[in-house]
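All ligand and atom numbering here is 1-based and tracks the order in the structure. Keep in mind that what you see is a predicted model, and the values were worked out from it rather than measured.
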Amino acid sequence: MQVNVVLNQTISKDYVVYIDELEKLVLDTKVMVVTNTTVADLHLQAFLARIQAKELHTVILPDGEMYKNFDSLHQILNACFEHRLDRKSLLIAFGGGVIGDMTGFAASIYQRGIGFIQVPTTLLSQVDASVGGKTGINNSYGKNLIGTFWQPNAVYCESAFLKTLPKREFAAGVAEIIKMAVTFDAEFFTWLEQHDLHQNEHLKVAIQKSVMTKANVVSQDETEQGIRAVLNYGHTFAHVIENQTNYSTYLHGEAVAIGIVMANTLACKLRLMQEDDAQRIKSLLEKYALPTTYAIPSVEAFYEAFYLDKKSANAKIKFILAKGIGGFEMRNDLSREVVLEALREMHA
Ligand SMILES: NC(=O)c1ccc[n+]([C@@H]2O[C@H](COP(=O)([O-])OP(=O)(O)OC[C@H]3O[C@@H](n4cnc5c(N)ncnc54)[C@H](O)[C@@H]3O)[C@@H](O)[C@H]2O)c1
Ligand SMILES: [Zn+2]
């Protein structure tokens, strides 16, 4: 299966997302594969055997979001210099979203930008992070605050890699799939209710559907001036939860699941969504054992924390809300009182 990501040619070139089509990668350049210790132990040898290149190098970084930082970026860039990669050389990101974001960032700044290929190995990175060209690292001020828009030359999603993924990581990816279905595709949502993604043939369909949705959104709005922000449905709440729990209690996708339920409570309050649709979404999240509740320690503190999120431009909080199932509405006009009321309801 293939999905084309069509972009505004003045910024970036189009590219193809291949789903379960990676047999052999033949590249007439120097190539450096960037991965982490976990993915290297499980899959690197088999993956390298499929690559044919002028020279093939690897960088193996430590595993974890806490290593999505300048040190790791330095390691990637230093390896590029050490192996004398030139402007035609390619980086390959072989791992989850952390490796994908860092490798893309390194590719975007090495000698003013070289090409890179995404080979995402988590469900979250296959359906979301690897497509769309957002790259970056974290620093002490927050997540992904340093980075670039730099599109990959190609993306290869292989469902076979997902067989070794821990259960929670799998479910975290499903949360992002559900996110896209709720906001953009009612039919896909109904299909998700009827099919179990633990079965590989269904999983492949869901990956393809999600990639198509993401590709469609990114082609309309590569640099997030408008509709791309809808992909942050559930995220305004999730970022606060992740922050309040020191990024250690929940995986990102798990926090997104809770955030989706919270956003829906607000949407119901504003009569954008009916209770039974909110219940359908909650049930689907629960089917994958995703968390859907969070005991808010203080609703006022939770509200104030929205302002820490970089996505709240000009101190106006932009809420991405689902309008029923299959639609969305962006609202930056909500009063503090109405949001606090909804937060109190969520807390109950
Ligand atoms: N660029 C974007 O548009 C975008 C979108 C969403 C998320 N992100 C970023 O992506 C990151 C989250 O990505 P993630 O959820 O993939 O996390 P991750 O990269 O940390 O991977 C999760 C865990 O799974 C392990 N893993 C990876 N592949 C595996 C496999 N096949 N089998 C077993 N274990 C495997 C990893 O080593 C890691 O321990 C965050 O840093 C987030 O900011 C970026
Ligand atoms: Zn997300």
Side-chain angles (χ1 to χ4, degrees), residues 5 34-44 46-47 60-69 72 93-105 108 116 118-139 142-152 155 157-180 183 210-211 214-215 217-218 221-224 228-239 241-242 247 250-260 290 309-311 320:
V5 184
V34 182
T35 189
N36 72 24
T37 47
T38 307
V39 179
D41 286 348
L42 291 165
H43 300 292
L44 186 60
F47 178 57
I60 302 176
L61 298 167
D63 182 10
E65 181 79 36
M66 69 275 220
Y67 297 107
K68 191 177 170 183
N69 59 20
S72 299
F94 184 54
V98 168
I99 289 295
D101 282 10
M102 286 198 295
T103 307
F105 189 27
S108 75
F116 84 113
Q118 290 272 21
V119 183
T121 61
T122 63
L123 183 56
L124 186 139
S125 58
Q126 294 195 357
V127 299
D128 197 344
S130 66
V131 180
K134 278 193 187 176
T135 83
I137 57 171
N138 309 326
N139 69 355
K143 280 186 63 173
N144 302 325
L145 295 180
I146 302 163
T148 54
F149 284 98
W150 192 249
Q151 301 289 343
V155 182
C157 297
E158 291 292 297
S159 61
F161 289 132
L162 305 179
K163 293 205 168 78
T164 55
L165 204 59
K167 264 192 169 151
R168 278 181 69 193
E169 296 287 354
F170 183 87
V174 175
E176 303 278 10
I177 293 175
I178 294 173
K179 164 193 89 175
M180 289 191 248
T183 41
S210 307
V211 168
K214 176 115 192 214
V217 171
V218 169
D221 179 19
E222 188 178 348
T223 55
E224 198 168 318
R228 187 165 180 171
V230 177
L231 297 169
N232 292 325
Y233 167 53
H235 283 61
T236 309
F237 296 93
H239 291 153
I241 295 168
E242 288 181 287
Y247 300 91
Y250 301 106
L251 297 176
H252 171 70
E254 293 174 334
V256 168
I258 303 171
I260 286 173
L290 285 158
D309 191 340
K310 72 184 152 97
K311 276 141 196 149
I320 315 294

>> So, regarding Val39 and ligand 1 (criterion: nitrogen or oxygen to nitrogen or oxygen, under 3.5 Å), is there a contact or not?
In response: no

> What protein heavy atom sits nearest atom 28 (N) of ligand 1, and how far off is it?
Replying inline: Thr121 OG1, 2.7 Å

>> Closer than 3.5 angstrom, by distance alone: can the side chain of Asp101 be matched with the main-chain N or O of Gly104 as a donor-acceptor pair?
In response: no

> Starting from atom 7 (C) of ligand 1, which protein heavy atom do you reach first, and at what distance in Å?
Replying inline: Leu124 CD2, 3.7 Å

> Under 3.5 Å, N or O to N or O, is Leu162 touching ligand 1 that way?
Replying inline: no

> Atoms of ligand 1 less than 4.0 Å from Leu42 heavy atoms?
Replying inline: 32 (N), 33 (C)

> Quick one: which ligand 1 atoms are inside 4.0 Å of a heavy atom on Glu169?
Replying inline: 22 (C), 23 (C)

> Does the pair Gln126 and Leu162 meet the rule for a side chain to side chain contact (heavy atoms under 4.5 Å, CB included), with working shown?
Replying inline: CA-CA 10 Å; Gln126 294 195 357; Leu162 305 179; 3.6 Å; yes

>> Starting from atom 35 (C) of ligand 1, what is the nearest protein heavy atom, named by residue and atom, and what distance separates them?
In response: Leu165 CD1, 3.7 Å

>> Geometry only, no angles: is Arg228 polar-contacting ligand 1 at N/O separations under 3.5 Å?
In response: no

> Going by the order shown, which atoms of ligand 1 are within less than 4.0 Å of some heavy atom of Thr38?
Replying inline: 37 (O)

> How close does the nearest protein non-hydrogen atom get to atom 38 (C) of ligand 1, and which residue and atom is it?
Replying inline: Asp63 OD1, 3.4 Å

> Got an N/O contact under 3.5 Å between Asn144 and ligand 1?
Replying inline: yes

>> Which atom name does His252 have for its N/O/S atom nearest to the Zn ion (ligand 2)?
In response: NE2

> Heavy-atom distance under 4.5 Å between the side chains of Glu254 and Ile258, does that happen here?
Replying inline: no

> Looking only at distance, does Asp128 have an N or O less than 3.5 Å from an N or O of ligand 1?
Replying inline: no

>> Parallel, tilted or perpendicular: which one describes the rings of Phe94 and Phe161, with boundaries at 30° and 60°?
In response: perpendicular

>> From the N, O or S atoms in Glu176, identify the one nearest to the Zn ion (ligand 2).
In response: OE2

> Would you say the side chain of His235 lies within less than 4.5 Å of the side chain of Lys179, judging by non-hydrogen atoms?
Replying inline: yes

> Glu65 heavy atoms, cut-off 4.0 Å: which ligand 1 atoms fall inside?
Replying inline: 40 (C), 41 (O)

> Could you give the distance from NZ (Lys68) to CD1 (Ile146), rounded to the nearest 0.5 Å?
Replying inline: 11.0 Å

> Is there a side-chain contact between Asn36 and Val98, using heavy atoms and a 4.5 Å cut-off?
Replying inline: no

>> Under 3.5 Å, is there a donor on one side chain and an acceptor on the other for Ser130 and Ser125?
In response: no

> Heavy atoms only: which of His252, Glu158, Lys68, Gln126 is nearest to atom 43 (O) of ligand 1?
Replying inline: Lys68

> More than 12 heavy atoms of other residues, nucleotides or ligands under 6.0 Å from OH of Tyr67: is that the case?
Replying inline: no

> In the protein, which heavy atom is nearest to atom 44 (C) of ligand 1, and how far is it?
Replying inline: Asp101 OD2, 3.2 Å

> Counting distance only, does the side-chain N/O of Asn144 pair as donor-acceptor with the main-chain N or O of Gly136 below 3.5 Å?
Replying inline: no

> Is it true that Lys163 lies under 4.0 Å from ligand 1, counting heavy atoms only?
Replying inline: no

> Hey, which atoms in ligand 1 end up nearer than 4.0 Å to a heavy atom of His43?
Replying inline: 31 (N)

>> Taking backbone and side chain together, does Asp128 place any N/O/S atom at a distance below 2.8 Å from the Zn ion (ligand 2)?
In response: no

>> Measuring from atom 4 (C) of ligand 1, which candidate in Gly104, Ala129, Pro120 has the nearest non-hydrogen atom?
In response: Ala129

> For atom 18 (P) of ligand 1, what's the nearest protein heavy atom and its distance?
Replying inline: Val98 CG2, 3.9 Å

>> List ligand 1 atoms under 4.0 Å from Thr164, heavy atoms only on the residue side.
In response: 30 (C), 31 (N), 32 (N), 33 (C)

> Given Ala40, Gly97, Gly95, Gly133, which one has a non-hydrogen atom that is nearest to atom 17 (O) of ligand 1?
Replying inline: Gly97

> Is Glu222 reaching over with its side chain to a backbone N or O of Gly132, donor-acceptor style, under 3.5 angstrom?
Replying inline: no

> In this structure, which one of Ile99, Leu44, Thr121 forms a side-chain contact (heavy atoms from CB on, under 4.5 Å) with Val39?
Replying inline: Thr121

>> Under 4.0 Å from a heavy atom of Asn36: which atoms of ligand 1 are those, numbered in the order shown and with their elements?
In response: 36 (C), 37 (O)

> Hey, are the side chains of Glu158 and His43 touching, using non-hydrogen atoms and a 4.5 Å cut-off?
Replying inline: no

>> Between His239 and Lys143, does the side chain to side chain contact (heavy atoms under 4.5 Å, CB included) criterion hold? Intermediate values first, please.
In response: CA-CA 9 Å; His239 291 153; Lys143 280 186 63 173; over 6 Å; no

> What residue and heavy atom of the protein are closest to atom 16 (O) of ligand 1, and at what distance?
Replying inline: Thr122 OG1, 2.6 Å

>> Can you report which non-hydrogen protein atom sits closest to atom 3 (O) of ligand 1, along with the distance?
In response: Lys214 NZ, 3.5 Å

>> Could you tell me if the side chain of Lys214 sits less than 4.5 Å from the side chain of Asp128, heavy atoms only?
In response: yes

> Going by the atom numbers of ligand 1, which of them fall below 4.0 Å from some non-hydrogen atom of Phe161?
Replying inline: 30 (C), 31 (N)

> Are Ser72 and Ile137 close enough that some pair of their side-chain heavy atoms sits under 4.5 Å apart?
Replying inline: no

